[in-house]
Amino acid sequence: MPRVHSHPTRRRIYEILERSSVNDPVVHAVHLFLILLIAVNVTAVVLESVPSLQDAYGTPFLIIELVSGAIFTVEYAARLWCAPEYLPFHHMKPWRARMRWALHPQSVIDLVAVLPFYLAYWDVGGLRAFLLLRLFRFFKLARYSPGLASLAEAVYAERRALIACGVILMGAMLLAASAINLVERDVQPDKFGTIPEAMYWAIVTLTTVGYGDVVPVTALGRVIAALTAVAGLVMLALPVGIIASAFSREIHRRDFVVTWSMVARVPLFADLDADEIASVMQCLSSRSCTPGEVIVRKGDEAHSMYLIAAGDVEVVLPGENVHLGPGDFFGEMAVLKRRRRAATVRALTPCRLLVLDAGDLHDLLEGNPALAEHVHAVARSRGGETDR
Ligand code: CMP
């Protein structure tokens with residue numbers, strides 16, 4: 001695998017911002033500070049909308065906005081500068097790496113979060129309405145919140161089913177609007193005279209909100225309203241159920257959330273492009289270990305290989321124990337050779353491991369000859385003959 005050459009200052013800033021090490025107090029402090037800053041900023045935006053508070057505390061609100069706007073700008077600039085440190089971008093020219101980084105959804109959120117600062121205080125063409133975008137800063141928390149990231153994963157994983165629900169809901173809305181238009185248009189032409197007008201009633205009824213500002217008055221109209229409300233209940237329960245079960249599956253599948261940057265940092269995946277990393281990410285699950293915990297035991301059946309995201313482990317060997325650290329992998333020998341574990345491996349420090357199932361590992365190696373060559377070479381160097 002190519003050795004990573006990087007700028008030491010840039011590397012350190014990258015590590016601090018992207019949380020490479022779970023045990024680094026500086027990383028924790030910086031992340032905590034950024035999380036607090038986001039929370040204070042969003043609270044200030046909300047409170048600022050109350051005129052009496054705005055009159056009384058205008059200056060503190062302004063100071064919070066100026067300070068956090070400046071810090072978010074520095075943070076964005078620092079992340080952009082560090083983009084070439086991401087392993088998948090290593091082979092790219094720095095400007096290209098930065099462009100790829102800037103197009104990542106999380107980076108777009110970061111950019112949108114700093115824009116209102118400039119639009120408002122430089123007063124670009126009266127774009128004060130863009131101040132609303134300040135609330136967008138809340139989504140910066142996704143980077144630090146495993147729960148939010150899991151929810152986004154769950155929605156993404158179920159996107160087809162959710163789109164299907166949307167299409168069904170749309171169909172029901174059209175049907176209800178047309179039916180009520182047919183029945184009520186002569187009695188209440190101002191409210192149900194056209195299908196678009198009736199659509200407003202249909203969507204308010206289907207979602208079971210029922211403002212009551214537009215109501216059918218004919219008997220048939222009320223039957224249609226009752227059927228629409230019941231259909232709405234059933235149809236809305238569908239996406240809620242889909243998201244809830246996908247969310248709980250996602251939470252249980254993962255000890256901690258495997259993020260794109262976590263996978264991208266693994267040297268084994270250095271030559272994969274961003275799309276390949278995204279697909280490897282789908283196969284990886286995670287596991288946290290406490291010091292002393294046995295991760296694989298000599299002689300056990302092998303079902304997976306492990307990549308160390310953070311922490312240290314030791315391989316217990318007859319002579320001298322071997323230490324492995326972040327970026328290393330183990331458990332490949334038994335999986336490749338389809339035999340039992342050759343040694344016991346236990347955690348030395350708190351560890352975060354990425355777990356790749358045997359089947360997924362074989363698929364991955366089949367599709368990536370260079371990666372397969374590397375894994376087999378490492379296994380051979382560790383004394384395991386491997387079947388190719
Ligand atoms: P596996 O046999 O699946 O499970 C135990 C793991 O320990 C093994 O795969 C290797 O990943 C690792 N291992 C075994 N021998 C060595 C060695 N000499 N050096 C480093 N790692 C090793």
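Note that these values count all heavy atoms, side chains included, but never hydrogens, waters or copies made by symmetry.
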Next on the checklist: Can a donor-acceptor pair be found, under 3.5 Å and without considering hydrogens, that links the side chain of D360 to the backbone of L356?
Outcome noted: no
Checklist entry - Would the number of heavy atoms belonging to other residues, nucleotides or ligands and lying under 6.0 Å from CZ of R159 be above 12? => result yes
Checklist entry - Going from SG on C165 to CE on M170, what distance comes out if it is rounded to the nearest 0.5 angstrom? => result 12.5 Å
Item to check | Cluster check I203, I168: I/L/V/M/F/W/Y, side chain < 4.5 angstrom | outcome: no
Checklist entry - Nearest 0.5 Å, what's the CD-CG distance between Q188 and N181? => result 12.0 Å
Next on the checklist: As a quick check of understanding, evaluate side-chain contact (heavy atoms from CB on, under 4.5 Å) for L364 and F269, giving each step before the final call.
Outcome noted: CA-CA 11 Å; L364 182 67; F269 301 136; 3.9 Å; yes
Checklist entry - With under 30° as parallel and over 60° as perpendicular, where do the rings of F192 and W201 fit, or are they tilted in between? => result perpendicular
Checklist entry - For the hydrophobic clusters of this structure (ILVMFWY residues joined by side-chain heavy atoms under 4.5 Å, transitively), does one cluster hold both V50 and F61? => result yes
Checklist outcome for this item: Rounded to the nearest 0.5 angstrom, the CZ-CG distance for F136 and L111 is 10.5 Å
Next on the checklist: For P291 versus L348, what's the shortest heavy-atom pair and its separation?
Outcome noted: CB-O, 3.6 Å
Checklist entry - Would you find more than 12 non-hydrogen atoms of other residues, nucleotides or ligands less than 6.0 Å from Y57 atom OH? => result no
Item to check | Evaluation steps, side-chain contact (heavy atoms from CB on, under 4.5 Å), between L53 and E48 | outcome: CA-CA 6 Å; L53 292 178; E48 224 182 308; over 6 Å; no
Checklist entry - Are any non-hydrogen side-chain atoms of P369 and L371 less than 4.5 angstrom apart? => result no
Checklist entry - Is R98 reaching over with its side chain to a backbone N or O of L80, donor-acceptor style, under 3.5 angstrom? => result yes
Next on the checklist: Hydrophobic cluster membership, with links at side-chain heavy-atom distances under 4.5 Å among I/L/V/M/F/W/Y: are I64 and L135 in one?
Outcome noted: no
Item to check | Flag, side chain of R137 to backbone of A113, donor-acceptor distance under 3.5 Å | outcome: yes
Checklist entry - Taking side chain as C-beta onward, heavy atoms only, is R352 less than 4.5 Å from R287? => result no
Checklist entry - Can you tell if the side chain of L324 reaches within under 4.5 Å of the side chain of D312, non-hydrogen atoms only? => result no
Item to check | For G221 against I180, the heavy-atom pair lying closest together | outcome: O-CD1, 3.6 Å
Item to check | Side-chain donor/acceptor of S304 to backbone N/O of A358, under 3.5 Å | outcome: no
Checklist entry - Looking at side-chain heavy atoms only, is the closest gap between L354 and M262 below 4.5 Å? => result yes
Next on the checklist: I'd like to know if the side chain of E65 reaches the main chain of L62, judged simply by a donor and an acceptor atom lying under 3.5 Å from each other, with no hydrogens or angles considered.
Outcome noted: no
Checklist entry - Do R346's NZ or CZ and the ring of F330 fall within the cation-pi criteria of under 6.0 Å and 45°? => result no
Item to check | Check against side-chain contact (heavy atoms from CB on, under 4.5 Å), I109 and K140 | outcome: CA-CA 7 Å; I109 290 180; K140 277 170 76 70; 4.2 Å; yes
Checklist entry - Are F72 and Y144 connected, step by step, through hydrophobic side chains (Ile, Leu, Val, Met, Phe, Trp, Tyr) whose heavy atoms are closer than 4.5 Å? => result yes
Checklist entry - Any sub-3.5 Å donor-acceptor pair from E85's side-chain atoms to C82's backbone N or O? => result no
Item to check | Value rounded to 0.5 Å, distance of CZ in R185 from CD1 in I195 | outcome: 8.0 Å
Next on the checklist: I need the minimum non-hydrogen distance between E301 and R341, along with the two atoms involved.
Outcome noted: O-NE, 4.4 Å
Checklist entry - So, for T73 and V114, which heavy atoms are closest and what is the spacing to 0.1 Å? => result N-CG1, 3.6 Å
Checklist entry - Are the side chain of S107 and the backbone of W101 linked by a donor-acceptor contact shorter than 3.5 Å? => result yes
Item to check | Student check: side-chain heavy atoms of L34 and E75 closer than 4.5 Å | outcome: yes
Checklist entry - Side chains of R10 and P84: does their closest heavy-atom pair fall under 4.5 Å? => result yes
Checklist entry - Is there a donor-acceptor contact under 3.5 Å from the side chain of N368 to the main chain of L365? => result no
Next on the checklist: Within 45 degrees of the ring normal and closer than 6.0 Å to the centroid, is that where the cationic atom of R11 sits relative to Y14?
Outcome noted: no
Checklist entry - So do the side chains of E314 and V345 get within less than 4.5 Å of each other, counting heavy atoms only? => result no
Checklist entry - Atom CD1 of I71 and atom CG of N41: how far apart are they, to the nearest 0.5 Å? => result 10.0 Å
Checklist entry - Should L32 and F138 be counted in the same cluster of Ile, Leu, Val, Met, Phe, Trp and Tyr side chains packed under 4.5 Å apart? => result no
Next on the checklist: Quick one: does any side-chain atom of T290 pair with a main-chain N or O of E293 as donor and acceptor, under 3.5 Å?
Outcome noted: no
Checklist entry - Under 4.0 Å between a Lys/Arg side-chain N and an Asp/Glu carboxylate O for E373 and R380? => result yes
Item to check | Pairwise side-chain hydrogen bond (donor to acceptor under 3.5 Å, both in side chains) hits with a residue in residues 209-219, at least two apart | outcome: E184-T218, Y200-D213
Checklist entry - With no hydrogens and no angle check, is any side-chain donor or acceptor of D300 less than 3.5 Å from a backbone partner on R340? => result no
Checklist entry - How close do L236 and L206 get, heavy atom to heavy atom, and via which atoms? => result CD1-O, 3.8 Å
Checklist entry - What heavy-atom pair brings V355 and S286 nearest, and what distance separates the two atoms? => result CG2-C, 4.3 Å
Next on the checklist: Let's go through V280 and L272 carefully: what are the C-alpha distance in whole Å and the side-chain angles of both, what is the deciding distance for side-chain contact (heavy atoms from CB on, under 4.5 Å) to 0.1 Å, and is it a yes or a no?
Outcome noted: CA-CA 9 Å; V280 170; L272 300 188; 3.7 Å; yes
Checklist entry - Hey, what do you get for CG (L353) to CZ (F329), rounding to the nearest 0.5 Å? => result 14.0 Å
Item to check | Close side-chain approach of E158 to I243, heavy-atom, < 4.5 Å | outcome: no
